[in-house]
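Everything on this sheet refers to the single structure shown next.
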Amino acid sequence: MFQPLHANLSANAAATARNGDTEEPDFVVIDVETACSRVSSICQIGIVGFRNGAVAFEYETLVDPQDHFSSFNTRIHGIAASHVLGQPCFADVHGILQAHLNGRTTVAHSYFDKGALAAACRINDRAMLETTWLDSVRVAKRA
């Protein structure tokens, strides 16, 4: 059922991508999954950066939400509590998220991801991500 899409990038790889060893992306796309109805219960994060219409980088990680897993959510995304055992918590990956998102345009399909990340930052006492959000649902409706 659940299968990670890509290997995790370390904080050093994120910094390398940010420091110009690879081309800066024009924008990044993000998707998060949550363990339960609490939007702060992020259990997976995926980010893809695009430059000139091509993939510039990919980042994916499971996250231990330190929360319970709802069977409803698990049926949607296939991620169960057993998948996140030993995985980093949100506070552990926050710096990588900052390296990939801060100062960039971040596209999400609805503002669910924006709200989930803001809630996770709040409950983990981490700085809010400084990015310009673009909602692909609104873009599609306008088109």
Side chain to side chain, L85 and D64, heavy atoms closer than 4.5 Å: no
Derivation and outcome, side-chain contact (heavy atoms from CB on, under 4.5 Å), residues N124 and H94: CA-CA 9 Å; N124 286 281; H94 181 265; over 6 Å; no
Partners passing side chain to side chain donor-acceptor pair (under 3.5 Å) against S40 (at least two apart in sequence or in another chain): none
hydrophobic_cluster_shared for I45 and Y111, side chain cutoff 4.5 Å: yes
Distance in Å, F112 CZ paired with E33 CD, rounded so as to fall on 0.5 Å steps: 7.5 Å
S41 (side chain) donor-acceptor with C36 (main chain) under 3.5 angstrom: yes
A116 versus V32, closest heavy-atom pair with distance: CB-CG2, 3.9 Å
Which atom of N102 lies closest to which atom of E130, heavy atoms considered: OD1-N, 2.8 Å
Atom pair CG (L101) and NZ (K114), whose distance is rounded to the nearest 0.5 Å: 12.5 Å
Residues, nucleotides or ligands: over 12 heavy atoms within 6.0 Å of R51 CZ: yes
Residues forming a ring-ring contact (aromatic ring centres under 6.0 Å, His included) with F27, sequence neighbours excluded: F50
Spacing of H100 atom NE2 and F57 atom CZ [to the nearest 0.5 Å]: 5.0 Å
Rounded distance (nearest 0.5 Å) linking atom CD of Q87 with atom CG of D92: 10.5 Å
F69 and V84, any side-chain heavy atoms less than 4.5 Å apart: yes
Taking every non-hydrogen atom, the tightest pair across P88 and T61: CG-OG1, 4.0 Å
Single-linkage hydrophobic cluster M128~W133, side-chain heavy atoms < 4.5 angstrom: no
Closest non-hydrogen atom pair, R104 against T131: O-OG1, 2.6 Å
Contacts of S136 that satisfy side chain to side chain donor-acceptor pair (under 3.5 Å) - sequence neighbours left out: H109
Side chain to side chain, I30 and L117, heavy atoms closer than 4.5 Å: yes
Pairwise distance CD1(I42) to CD(Q44) - rounded to 0.5 angstrom: 11.0 Å
Distance-minimising heavy-atom pair for V137 and S110: CG2-N, 3.6 Å
Heavy-atom side-chain contact between V93 and Y59 under 4.5 Å: yes
Side-chain heavy-atom pair P65, R38 within 4.5 angstrom cut-off: no
Any side-chain heavy-atom pair of D31 and D113 under 4.5 Å: yes
For L62 against E60, the heavy-atom pair lying closest together: N-OE2, 4.0 Å
In one Ile/Leu/Val/Met/Phe/Trp/Tyr side-chain cluster, 4.5 Å: I123, L129: no
Cluster overlap V29 with V139, hydrophobic side-chain contacts below 4.5 Å: yes
